[in-house]
Amino acid sequence: MDNLSDTLKKLKITAVDRTEDSLEGCLDCLLQALAQNNTEASEKVQGSGILQLLASLLTPQSSCTATVANIIAEVAKNEFMRIPCVDAGLISPLVQLLNSKDQEVLLQTGRALGNICYDSHSLQAQLINMGVIPTLVKLLGIHCHNAALTEMCLVAFGNLAELESSKEQFASTNIAEELVKLFKKQVEHDKREMIFEVLAPLAENDAIKLQLVEAGLVECLLEIVQQKVDSDKEDDVSELKTASDLMVLLLLGDESMQKLFEGGKGNVFQRVLSWIPSNNHQLQLAGALAIANFARNDGNCIHMVDNGIVEKLTDLLDRHVEDGNVTVQHAALSALRNLAIPVVNKAKMLSAGVTEAVLKFLKSEMPPVQFKLLGTLRMLIDAQAEAAEQLGKNTKLVARLVEWCEAKDHAGVMGESNRLLSALIRHSKSKDVIKTIVQSGGIKHLVTMATSEHVIMQNEALVALALIAALELGTAEKDLESAKLVQILHRLLADEKSAPEIKYNSMVLICALMGSEPLHKEVQDLAFLDVVSKLRSHENKSVAQQASLTEQRLAVES
């Protein structure tokens, strides 16, 4: 290492003289020292103040440029050297060198920039602002036959694509075309993996999704799936997963999804359909997720239901009832939930036996599956009185809902259980359903739901409670009393922040509760008249009118 100190001194002198031969010799010695003991040699470089000097040597004309960039790349492998490299002003001249025609200079420059900016979002953002993305994309196109340069570009893209600020710049280049072109030529698993690692973060951007679809990535992915589906080799299994996951990701963009749907006639849509009955869990999962993504607009949903998708999904669910694959269950239920949104699909799906298929998963202990199961049932019974009544009288279902209403660790499951409980009453308007819910102890949850932070849930609870009070007040009286419903309504009416519909429905409910002696007494004790009379001048006409009616009712009944 003493030799290194001499080399560094000599380098300082020759850098000033610019004698190319002796400069080349010093630089080679420095590279050898870094190869032998990178950390110790880097510390010496840092202490010698030579980094600023290296910046002055990074010129396109010099024959030493590639070696200098290589030295910087080696030094910057050490975390403690990265900030000194930045402080020495190395980034700007390195970025300039990306316009070089010399492939070795390009390779070492890319390595140097990559190592300096490794793991630093702020430095990577600086590179993006300096416009390296279009330059690198161009390099990839020009030097696609140079394996080392291609790899350097891919590593850089992989790092930069993680940053949100890069997506717009990438979208303005022909990156999609270049990557797909490169992908088609790759036969090695490792090389494909590298490209996948760039594609995945880029495909999160909707504009790039569409570009990738237009560049023909989907056909490549479908081909991989076809080649690897029957293989149990680890690399093939991993590639099948990556390809099918990426396919699903491309369908998350509205434009790319519609382009691939092609009115339900598209080759891609048809191929995805064939994945669902497959024996491969990964393909079943990707197929169900793809259907859930295609089912993001009413037209697609109606077309798919009319063309038998429901039977495929319920068959898939049936295969996963006992010790099934949780991700497949979740994906199939997601697809059914989305398909059940258009009004015209509900009756068709009910008669296709979707509720029976879904109810088989009531015993599931997996919150994601519980959540989708609840959402699917809630969508199916929307404005379907007969189905709502049938489900609302199902004591097993109602008991499970009441249990899930207390799932405090899983807010989503808790919220959906409450919403389904309320929906069963609102859509069935059935006394039998109300009795089932009262017997299962569900009333207290509906009362709690009226205090939710979400207006839509508060409202659904109040409407359900008003129906209970109108249809089965005697049955529910004790539960409403012990849940302190009257005090909650007083609070909702007195709270200035309550939404107009909450105030309106609270007053409707107060009037309905007057038929119960104990609840009527609570209303009188709490001086509701004061709160209600203030609402007569409310800016919302419906609230003001309901306040007048409620005030009259309270005055007559007092």
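Residue numbers run from 1 in the order of the sequence given.
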| message | Quick one about H445 and E406 (side-chain donor to acceptor, distance below 3.5 Å, no hydrogens or angles considered), yes or no? | response | yes
For this session: Taking the side chain as every heavy atom from C-beta outward, state whether V229 and W275 have any atom pair closer than 4.5 Å.
Result: no
With sequence neighbours left out, the residues meeting side-chain hydrogen bond (donor to acceptor under 3.5 Å, both in side chains) with N267 are none
message: Looking at Q390, I want to see if its CD is surrounded by more than 12 non-hydrogen atoms of other residues, nucleotides or ligands under 6.0 Å.
response: no
Please verify the inter-ring angle class for F294 with F269; under 30° counts as parallel, over 60° as perpendicular, anything in between as tilted.
perpendicular
Sorted by chain and number, sequence neighbours left out, side chain to side chain contact (heavy atoms under 4.5 Å, CB included) with T448 holds for T451
message = I'd like to check L136 versus F170 (side-chain heavy atoms, cut-off strictly below 4.5 Å). Are they in contact?
response = no
Would one find more than 12 heavy atoms of other residues, nucleotides or ligands at under 6.0 Å from atom CD of E386?
no
Strictly by modelled atom types, are D432 and S430 linked by a side-chain donor-acceptor pair under 3.5 Å? no
| said: Surrounding CD of E168 (heavy atoms of other residues, nucleotides or ligands, distance under 6.0 Å), is the total greater than 12? | reply: no
Do N297 and D254 have side-chain heavy atoms sitting under 4.5 Å apart?
no
Side-chain donor-acceptor contact under 3.5 Å, N279 with R319: yes
Separation between CG (L465) and CD (E460), nearest 0.5 Å, reads 12.0 Å
dist L317:CG -> K312:NZ (nearest 0.5 Å) comes out at 14.5 Å
Taking every heavy atom of L217 against every heavy atom of L199, the minimum-distance pair comes out as CD1-CD1, 4.1 Å
Sorted by chain and residue number, the side chain to side chain contact (heavy atoms under 4.5 Å, CB included) partners of D245 (sequence neighbours excluded) come out as K241, Q282
Under the 6.0 Å and 45° cation-pi test, does R82 pair with Y118?
no
Checklist entry - Are any of the side-chain heavy atoms of Q384 and M349 separated by less than 4.5 Å? => result no
So CD of Q169 and CG of L163: to nearest 0.5 Å the spacing works out to 11.0 Å
